[in-house]
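Below is one structure, written out as structure tokens; the observations come after it.
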Amino acid sequence: MSADERSFVEEARREKLDAVRARGIAPFAYRFERSHTAAEALAAYGDRTDGADGPAVAVAGRLVALRGHGKTTFAHLADPSGRLQLYCKLDVLGEDAYALVGLLDLGDHVGVRGPLFRTRTGEVTVRVEQLELLAKALRPLPLGKAAAKEDGSVEHFSELSDPEQRYRQRYADLAVHPERRETFAKRAAVVRAVRAFLDGRGYLEVETPILQPLYGGASARPFVTRYRALDADFYLRIADELYLKRLIVGGIDRVYEIGKDFRNEGMDRLHNPEFTMLECYQAYADYGDMLALTEALVREVTERVTGGVELHVRGTPLPLGPAWRRAPFLELVAEHGGVDLRQADDPRLRQAIAARGAEPEEGAARGRLIDQLFKVAVESHLVAPTFVVDYPIELSPLAKPKRGDPALAERFELFIGGAELANAFSELNDPDDQRARLTAQTALRAAGDDEAQTLDEDFLRALEYGMPPTGGMGLGIDRLTMLITGERSIRDVVLFPALRPE
RNA sequence: GACCCGGUAGCUCAACUGGUAGAGCAGCGGACUUUUAAUCCGCAGGUCGUGGGUUCGACGCCCACCCGGGUCACCA
């Protein structure tokens, strides 16, 4: 950036930077030996009220408040643990060091050393004896005025609220809003808890290819990329499914992966084109086993991360309650859509979809119409945790037919807060049936359904070696994190959500 | 993709039925050796998202476009 593109605020900071250098001080330091975090320092002073100095501390952090009073200056420094007040006094620091105080700006990183004491107004504070500039902030952070409240939290009077800037410049968002860092700490805790849950049940965590010569395992459009060395198009995976089942064939009886999937679709409150998915597979299990596993997983992860048994949907608490409802797909469509799928023909389906204000997809096959009707008529009603069980088989090309009713597949999806959270089935392990179903998908694709699944010969070869009966489940980590943190948008649980280039 | 809302100083926001852009905080200068949204005095800071158009005159009206948010449609 050239000088005339900088704001006058930035110019002022660069002038101070020059002044710092002119005093022989390097404005970007290499290290600082801390003795305490801000919170540890406060704890180290304790609640003594005798007026005596506490221990000397060395703390480092970003300046978030500066109040100059001539020959003294009060400041607040923030680190991930909290805020700590600094008291800089000319008498204590001496002329030279105190001059540096005048060259500090909000946002600068500093390290200070000195004893703790309690000010007249009762705040535990560092009486700064040594001050080091650790990194100059040349660009002003959107730090508003903030005041510590009685309960110890910090009230912001002006802050970064423009969502666009928050997502594009997440570093600024995080730097200014400690509570936002908390959300991402919780996200990490969710992932840790999921791992602990599955590891404790004997699942092996693996990593499978993200770059794939063929994509599969879900109905979605892929991202395409070019593999130069092979002179071939590759795809970013849309699901882990087909590789994890290969591992079941290989004898890894319990296996899971937590990783990014990529789907070439629009983005909204619930969708980011790259998202984090858990998939797990268990040999000798069916979808009933996976249902029990899924409920236990969501309950246990919620408890571990929040210490309670509540999720949050758009800011409203949602108690997890006793055993979750299980409702057959057909019953829900009849209840909310007014259609008996066993009787209704395709025109009737289109009519029901249109009656809900949606536009039936042009030339869509029956499976997609059923899917569409479910989405427009049923999903939003499924706020309390609900397992939707036994899907029409044409919607589920990778699932086994339901015992006793071959029109259905042994499949469930878990809905919470009106959105799908998990999807599972008794995995189809008859290679001939699988080939027939994928071939049918290929026909759909030829008919224009660009989300129909592809036929993967290597996957079928694996099934021909014999895959044991297997239960499989996939669960959206971003969405689970939304429910646990109460965030309304997936962009608030993804550090760098997809945006158009600036 | 459709519709609705928004984009003004570093940040948060004003600006009436069209009259030539303002405040708080941040910044700069000064005063101030226990303040904490410090205070007091002074100063500076803007291609009003972009490009056209209407008008004597546009931040405000019209058109197109860009970016974001929301709702709907589709994938988790």
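Heavy atoms only: backbone and side chains are in, while hydrogens, waters and symmetry mates are out. Throughout, a chain's letter reflects where its sequence line sits, starting with A, and its residues are numbered from 1.
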Q | A:Arg168/A:Glu164 under salt bridge (charged side-chain N to carboxylate O under 4.0 Å, His left out): CA gap, chis, key distance, verdict | A | CA-CA 6 Å; A:Arg168 283 197 198 283; A:Glu164 178 167 3; 3.0 Å; yes

Measure the distance from [atom1] on [X] to [atom2] on [N] and round it to the nearest whole Å.
X        : N      : atom1 : atom2 : result
A:Leu369 : B:rA73 : CG    : P     : 15 Å
A:Asp268 : B:rC74 : CG    : C1'   : 9 Å
A:Arg269 : B:rC4  : CZ    : C1'   : 17 Å
A:Asp173 : B:rC11 : CG    : C1'   : 13 Å
A:Glu379 : B:rC74 : CD    : P     : 9 Å
A:Phe374 : B:rC74 : CZ    : P     : 13 Å
A:Arg221 : B:rG1  : CZ    : P     : 12 Å
A:Glu123 : B:rU35 : CD    : C1'   : 9 Å

I'd like the [atom1] distance from [M] over to [N], given in whole Å.
N      : M      : atom1 : value
B:rA37 : B:rA26 : C1'   : 12 Å
B:rG18 : B:rC25 : C1'   : 31 Å
B:rA14 : B:rG7  : C1'   : 15 Å
B:rG51 : B:rC66 : P     : 15 Å
B:rG52 : B:rG42 : P     : 42 Å
B:rC48 : B:rC56 : P     : 22 Å
B:rA44 : B:rG22 : C1'   : 15 Å
B:rC62 : B:rA58 : C1'   : 11 Å

Q.
Salt bridge check, A:Asp492 against A:Arg180: does any charged N sit closer than 4.0 Å to a carboxylate O?
A.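 No, no charged N to carboxylate O under 4.0 Å.
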
Looking at side-chain heavy atoms only, is the closest gap between [X] and [Y] below 4.5 Å?
X        : Y        : answer
A:Leu160 : A:Gln169 : no
A:Arg237 : A:Tyr243 : no
A:Tyr281 : A:Lys245 : yes

Q) Who pairs with A:Tyr391 by side-chain hydrogen bond (donor to acceptor under 3.5 Å, both in side chains), at least two apart in sequence or on another chain? A) A:Glu413

Q | Partner set under side-chain hydrogen bond (donor to acceptor under 3.5 Å, both in side chains) for A:Gln441, not counting sequence neighbours | A | none

Looking only at N and O atoms, is any donor in the side chain of [X] or the base of [N] less than 3.5 Å from an acceptor on the other one?
X        : N      : value
A:Gln85  : B:rU35 : yes
A:Arg67  : B:rU35 : yes
A:Thr119 : B:rU35 : yes

N/O contacts under 3.5 Å, protein versus nucleotides 27-32 of chain B?
residue	atom	partner	partner atom	Å
B:rC28	OP1	A:Lys16	NZ	2.3
B:rC32	N3	A:Gly70	N	3.2
B:rC32	N4	A:Gly70	N	3.0

(Q) Could you work out, with salt bridge (charged side-chain N to carboxylate O under 4.0 Å, His left out) as the rule, every residue matching A:Asp53, not counting sequence neighbours? (A)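 Testing A:Asp53 for salt bridge (charged side-chain N to carboxylate O under 4.0 Å, His left out), a comparison that skips the adjacent residues, returns A:Arg127.
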
(Q) Checking A:Asp390 now: which residues fulfil salt bridge (charged side-chain N to carboxylate O under 4.0 Å, His left out) with it, not counting sequence neighbours? (A) A:Lys402

May I have the list of side-chain donor-acceptor pairs in residues 97-106 of chain A shorter than 3.5 Å, sequence neighbours left out?
residue	atom	partner	partner atom	Å
A:Tyr98	OH	A:Gly70	O	2.8
A:Tyr98	OH	A:Thr72	N	3.0
A:Tyr98	OH	A:Thr72	O	3.1
A:Tyr98	OH	A:Thr73	N	3.4
A:Tyr98	OH	A:Thr73	OG1	2.8
A:Asp105	OD1	A:Lys16	NZ	2.6
A:Asp105	OD2	A:Lys136	NZ	2.8

Pull out every protein N or O sitting under 3.5 Å from an N or O of nucleotides 64-68 of chain B, one pair per line with the distance.
residue	atom	partner	partner atom	Å
B:rC67	O3'	A:Arg168	NH2	2.9
B:rC67	O2'	A:Glu164	OE1	3.0
B:rC67	O2'	A:Glu164	OE2	2.2
B:rC67	O2'	A:Arg168	NH2	3.4
B:rG68	OP1	A:Arg500	N	2.8
B:rG68	OP2	A:Arg500	NE	3.3
B:rG68	O4'	A:Glu164	OE1	2.9

Taking ring pair (Phe, Tyr, Trp, His ring centres under 6.0 Å) as the test, write out the residues that go with [X], two or more places apart.
X        : value
A:Tyr167 : none
A:Tyr215 : A:Tyr235
A:Phe74  : A:His69, A:Tyr87

Q | 5'-to-3' dot-bracket of RNA chain B (Watson-Crick, G-U; under 3.5 angstrom; crossing pairs as [ ]; | other strand) | A | (((((((..((((.....[..)))).(((((.......))))).....(((((..]....))))))))))))....

Q) Does any donor atom in the side chain of A:Glu379 or A:His336 lie under 3.5 Å from an acceptor atom in the other side chain? A) no

Q. Does the side chain of A:Glu427 pick up a donor-acceptor pair with the side chain of A:Thr470 at under 3.5 Å?
A.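 Per modelled atom types, A:Glu427 and A:Thr470 side chains form no pair under 3.5 Å.
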
Q) OP1 or OP2 of B:rC74 less than 4.0 angstrom from a side-chain nitrogen or oxygen of A:Gln372, does that happen here? A)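 Yes, such a contact exists.
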
Q) What are the residues of residues 88-101 of chain A, sorted by number, that bring a heavy atom to within less than 4.0 Å of RNA chain B? A)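 Here the set is A:Lys89, A:Asp91.
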
Q: For residues A:Phe425 and A:Tyr287, establish whether the separation of their ring centroids is below 6.0 Å.
A: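 Between A:Tyr287 and A:Phe425, which both carry aromatic rings, the centre distance is not below 6.0 Å.
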
Mind checking if [X] touches a base, just sugar-phosphate, or nothing, with heavy atoms under 4.0 Å?
X        : answer
A:Glu420 : sugar-phosphate
A:Ser219 : sugar-phosphate
A:Asp371 : sugar-phosphate

Q) A:Leu141 or A:Ala220: which one's nearest nucleotide on RNA chain B is closer to the 5' end? A)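 So the residue in question is A:Leu141.
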
(Q) Assuming nearest nucleotide by heavy-atom distance, tell me which of A:Met267 and A:Arg127 is located more 5' along RNA chain B. (A) A:Arg127

Q: Please tell me which of the listed nucleotides, B:rG70, B:rA76, B:rC74, lies nearest to the side chain of A:Phe275?
A: B:rA76

Q.
Can you tell me whether the base of B:rG42 sits syn or anti, using the 90° cut around 0 to define syn?
A. anti

